[in-house]
Number of protein chains: 2
Amino acid sequence: MTGQTPEDPSTRHDIYGLLCPGRAIFELLVNKWTGLAVTALEDGPRRFGELRRQLEGVSPKVLTRTLRRLEDHGLVTRTVHAEVPPRVEYALTDLGRGALEPLAHLRTWIRANTGRFTAAR
Amino acid sequence: MTGQTPEDPSTRHDIYGLLCPGRAIFELLVNKWTGLAVTALEDGPRRFGELRRQLEGVSPKVLTRTLRRLEDHGLVTRTVHAEVPPRVEYALTDLGRGALEPLAHLRTWIRANTGRFTAAR
DNA sequence: CTGTATCCTTAGCGATACTG
DNA sequence: CAGTATCGCTAAGGATACAG
């Protein structure tokens, strides 16, 4: 034998590897707006305008793109209500809801350590 | 009084607000390489070349920038050993080590749900 | 109201060559 | 070895106007 514990791809190369599926998912979440959008849906469905207001600074174009991408990856559903004026609601899927927990951890940690960060020149 | 529980900035606007300090930190972490670099240092100090190999696909320019930014924010230390050939080691600060936990959560969740993601058109 | 279309700027990234 | 310099490309983002 090698005497070395073999690198376990499911624990080590899950995210570093260029071709590992986890890496693609990581890169989806790791985005200026994606995580914020998912978190904004934590308390239930939200309309386009609500999200737009909550994610301060997002432009409609970018918000649309962000939501579409989340939809494409199965994290969010988009429901159009046949009314006038139009009403569109975005909601988390089970998968999307699952993402809430790790995201909350991150947020909690940030909140707890905000003061310790260097302002960065 | 208003009768409404006031929005608590430390729990709601910690990250959505354009000017909230948490938002800036979030945007630091939320980057293609930042999280990967921090995670790569979890088992101890690493040299530039080691990191470069571990973060598959990163160019030296980008790796330098990533590490500098982490250093500027107080997550990583950079130690130059006066030897020849030069040896530079990067290591996590206490703050950086603290980031490991939320990052691990994210990684665990990704690993557990990889199969559930839609391939995205 | 919910987007799309357009335009434009910047940042990020990748590749590669080269230096102390 | 550990970067820096350079070049070019693309994606991401921001602003705003406009359409169904």
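In the text below, chain A, chain B and the rest are named by the order of the sequence lines, each starting its count at 1.
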Inset, instruction - State, yes or no, whether a side-chain contact exists between Leu18(B) and Arg23(B) at a heavy-atom distance under 4.5 Å. - result: yes

Inset, instruction - Using atom types as modelled and distance alone, determine if a side-chain donor or acceptor of Glu27(B) lies under 3.5 Å from a backbone N or O of Lys32(A). - result: no

Legend entry - Nucleotide interval of DNA chain D bounded by contacts with chain B (heavy-atom cut-off, under 4.0 Å): dC1(D) to dC7(D)

Legend entry - Within one Ile-Leu-Val-Met-Phe-Trp-Tyr cluster: Leu28(B) and Leu19(B), side-chain cutoff 4.5 Å: no

Legend entry - same_hphob_cluster(Leu92(A), Val80(A)) at 4.5 Å side-chain heavy-atom cutoff: yes

Legend entry - Donor-acceptor contact present, side-chain Thr93(B) to main-chain Gly74(B), <3.5 Å: yes

Legend entry - Residue from Glu50(A), Arg78(A), Arg47(A) passing side chain to side chain donor-acceptor pair (under 3.5 Å) with Tyr90(A): Arg78(A)

Inset, instruction - Tell me whether the centres of the aromatic rings in Tyr16(A) and Trp33(B) are closer together than 6.0 Å. - result: no

Inset, instruction - Return yes if some donor-acceptor pair links the side-chain N/O of Asn31(B) with the main-chain N/O of Thr34(B) below 3.5 Å, else return no. - result: yes

Inset, instruction - Starting from C1' on dT10(C), measure out to CD on Glu27(B) and report it in whole angstrom. - result: 14 Å

Legend entry - Letter per nucleotide, 5' to 3', of nucleotides 11-20 of chain C [B base touched, S only sugar-phosphate touched, - untouched; heavy atoms, 4.0 Å]: -SBBBB---B

